[in-house]
Amino acid sequence: MRIEIYGYTSKAIADRIDVGYILLQPSKTELESVKPILQKGIYEIPNMIYHLYKCRRGKITRVKVWMHVDLGNCRAKDLFVTTFDNVLIPVDALTIESVNKILKQHSIDEKEIEATQEEMAEAAKSFTDF
């Protein structure tokens, strides 16, 4: 598998991360395998793929997000999502409103957190220790 080639630096880092992905250009074999999806004429020809191989506490993992990236202005457009075996996964379009709704449903006010100042300082320090 191609992803393991790039993970050679340190296994400890891969164990600590919550989300792991690699951005690569699609190979000819990959483009050939999604030809039936592209023949419908809905999507542009992808020129980049996010290989999402780890998503701790996430519903979706080991997927590919196929994209078209305009390398002139660095704008990216997500096209479709497949499994690692290039089977299409139906995904609803994500809008700002739906993201805000999800954030509101899964967030709490910091005043509702029952923690001492010492615990809060330790939590904040963990983000700056990288």
Fill in the blank from the handout: Between Pro46 and Pro26, the two heavy atoms sitting closest are O-CG, 3.7 Å
Handout entry: Residue pair Thr82 / Ile89: nearest heavy atoms and the distance that separates them
Key = C-CD1, 3.7 Å
Practice task
Take Lys35 and Gln39 through the side chain to side chain contact (heavy atoms under 4.5 Å, CB included) test and state the conclusion after the steps.
Solution key: CA-CA 6 Å; Lys35 207 172 195 174; Gln39 285 177 338; 4.0 Å; yes
Problem - Nearest atoms (heavy-atom pairs only) where Glu30 meets Gln25 - result: OE1-O, 4.2 Å
Handout entry: Point-to-point distance, once rounded to the nearest 0.5 Å, from CG of Leu31 to CD1 of Ile45
Key = 7.5 Å
Exercise for the section: Indicate yes or no: at least one non-hydrogen side-chain atom of Ile49 is less than 4.5 angstrom from one of Leu24. Expected result: no
Exercise for the section: Return yes if some donor-acceptor pair links the side-chain N/O of Asp70 with the main-chain N/O of Arg75 below 3.5 Å, else return no. Expected result: no
Problem - Reported CG-to-NE2 distance for the pair Asp78 and His68, which is rounded to 0.5 angstrom - result: 12.5 Å
Practice task
From the options Tyr43, Tyr50, Phe80, select the one residue that forms a ring pair (Phe, Tyr, Trp, His ring centres under 6.0 Å) with Trp66.
Solution key: Phe80
Practice task
Answer yes or no: does atom CD of Gln117 have more than 12 heavy-atom neighbours from other residues, nucleotides or ligands under 6.0 Å?
Solution key: no
Fill in the blank from the handout: Between Glu44 and Leu79 the two heavy atoms that sit nearest each other are O-CD1, 3.4 Å
Practice task
List the atom of Asn86, the atom of Val34, and the distance in Å for their closest heavy-atom pair.
Solution key: CB-CG1, 4.1 Å
Problem - Joint cluster assignment, Val87 & Leu38, ILVMFWY side-chain distance < 4.5 Å - result: no
